[in-house]
Amino acid sequence: MNVTIVDYQSGNISSVINSFTEVAKGKVNLEVTSDINKIKICDKIVLPGQGSFKSCVESLNNISGLVDTLKDFVITNKKPLLGICVGLQMFADIGYEEAETKGLGWISGKVSKINNQNGKFKLPHIGWNEIEIQKESKIFKDIKNKSHMYFVHSYEFIPEDKSVISATTDYSSKIVCSVERDNLFGTQFHPEKSDKIGLKVIDNFLRL
Amino acid sequence: MLKNRIIPCLDVKDGRVVKGINFVKLKDAGDPVEQAKIYSDSGADEICFLDITASNENRDTIIDIVRKTAKECFVPLTVGGGVRTIQNITDLLLAGADKVSINTAAVNNVNFVKEASKKFGSQCIVLAIDAKKVSENKWEVFTHGGRNKTGIDAVEFAKKIEENGAGEILLTSMDKDGTKSGYDIELLKTITNNTNIPVIASGGVGTLDHLYDGIVKGGASAVLAASIFHYGEYKIKDVKEYLNSKNVSVRL
């Protein structure tokens, strides 16, 4: 199996590469690239994302043909893609970080700042929080409800169709922390930084 | 519910782990990569490397340590010490660090914080503030591992770096560091009350109660300690079980 981590020159993806390399050892070919010809023929995609929604979308758009290639992969060909952090947020129609920015529009919804309740909750939401599993998800196989995952973000994805939500986490409100719709997966938390339990999420994705 | 983080810090000099007592007297006690792996396996919520001599010496050693550690530890890794340029940050992140902590360079030029957080995202920019008490309820920022006085008020500085995009504050009391007499709770409280970003408490931990105080009385989101872990006085597990028994939520 060939899995591509999309390197679109936005943010630090070293940890994603390290964790996937660790889990993929000996069973999966891992490639880190933005070459759309390689992306087209791979079996699965990992879409990381660090920095702001706006900067990530702009970086994707900067690589000619990348957005269309990803769309074909996910929407037309229905092959598995895992978005991490802003990688997940970009599934939305629109994001409001820095400036109103159009997202990929794969899952209807918006990305807005977490309501910190007048400073009661510190932002960014940084650290280990429990996930509350909302529906059975292939990437949560053998993962217990209330497992701890590592988060670092100030914005949250609010999908219109709540049935895509596979887990939430409690921080000022119930924040969407993972989604699953058919072949499309996303985590707001960082499985690559979530210790053994995070590596298990990665393993589940690679085993799909 | 978001858990309070326990962060062991490894002070690194010339590729070896040391822990400075008041930043002066150094003892050698081990290989940083191995130490980090032990911490990560035993439940550390994050790992922090502080390159204590980086302000003056070459930085390649720490890059190499970060690279090796990042391949074995799958919890967040913060690296600080001598981070002065965008290129320094790029090098550390590419080696596998998740966050960098900036100290002197931010004091010299607050725009550096802005530039760095814009380029890499606030989530990876930790501002290390070394503060020393100058009078009642007044603390001043120091740089160069506590050697240089700046005349800058610590509270004003904390607010300013938050405005400029820092994602977290790593707050060290220079009066307490190495003394094992507990965090400077007043300092912690003042900074946590005046900022909206998470504060990591550092400097002075000698007992488990000190960690409890840092979180409960000081309002810290995370507690950082070096020597109590490093010399095996307490294990990460002891800390977490203790805090949990006192109703402080931690990742068990």
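Owing to the predicted nature of the structure, the values given are computational and were not obtained by experimental measurement. So that the names make sense, note that chain A is the first sequence line, chain B the second, and so on, each numbered from 1.
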N12(A) side chain to A97(B) backbone, donor-acceptor under 3.5 Å: yes
Greatest number of heavy atom pairs closer than 4.5 Å to chain A - which of L94(B), D98(B), L252(B): D98(B)
Which portion of S117(B) sits near chain A, non-hydrogen atoms under 4.5 angstrom: neither
Greatest number of heavy atom pairs closer than 4.5 Å to chain B - which of L199(A), V152(A), I126(A): I126(A)
Toward chain A, the part of R5(B) with a non-hydrogen atom under 4.5 Å: side chain
Which atoms of K146(A) approach chain B - backbone, side chain, both or neither, heavy atom under 4.5 Å: neither
Short N-O contact, K193(A) and E46(B), less than 4.0 angstrom: no
Best-contacting candidate, Q123(B), R251(B), K3(B), against chain A by heavy atom pairs under 4.5 angstrom: R251(B)
Chain A contacts, top residue of G121(B), A70(B), S122(B) (heavy-atom pairs, under 4.5 Å): A70(B)
Of V250(B), V75(B), N4(B), L2(B), the residue whose pairing with W128(A) passes side chain to side chain contact (heavy atoms under 4.5 Å, CB included): V75(B)
Contacting moiety of T192(B), where chain A heavy atoms sit under 4.5 Å: both
Test: K122(A) and E162(B) ion pair at under 4.0 Å: no
Check: L93(B) main-chain N/O paired with S14(A) side-chain donor or acceptor under 3.5 Å: yes
Exceeds 12 heavy-atom contacts within 6.0 angstrom, atom CD of E98(A): yes
Portion of K118(B) that has a non-hydrogen atom of chain A nearer than 4.5 angstrom: side chain
Between CD on residue E22(A) and SG on residue C73(B), distance to nearest 0.5 Å: 10.5 Å
Side chain proximity check, N18(A) to K71(B), heavy atoms < 4.5 angstrom: yes
E168(B), part contacting chain A, at a heavy-atom distance under 4.5 Å: side chain
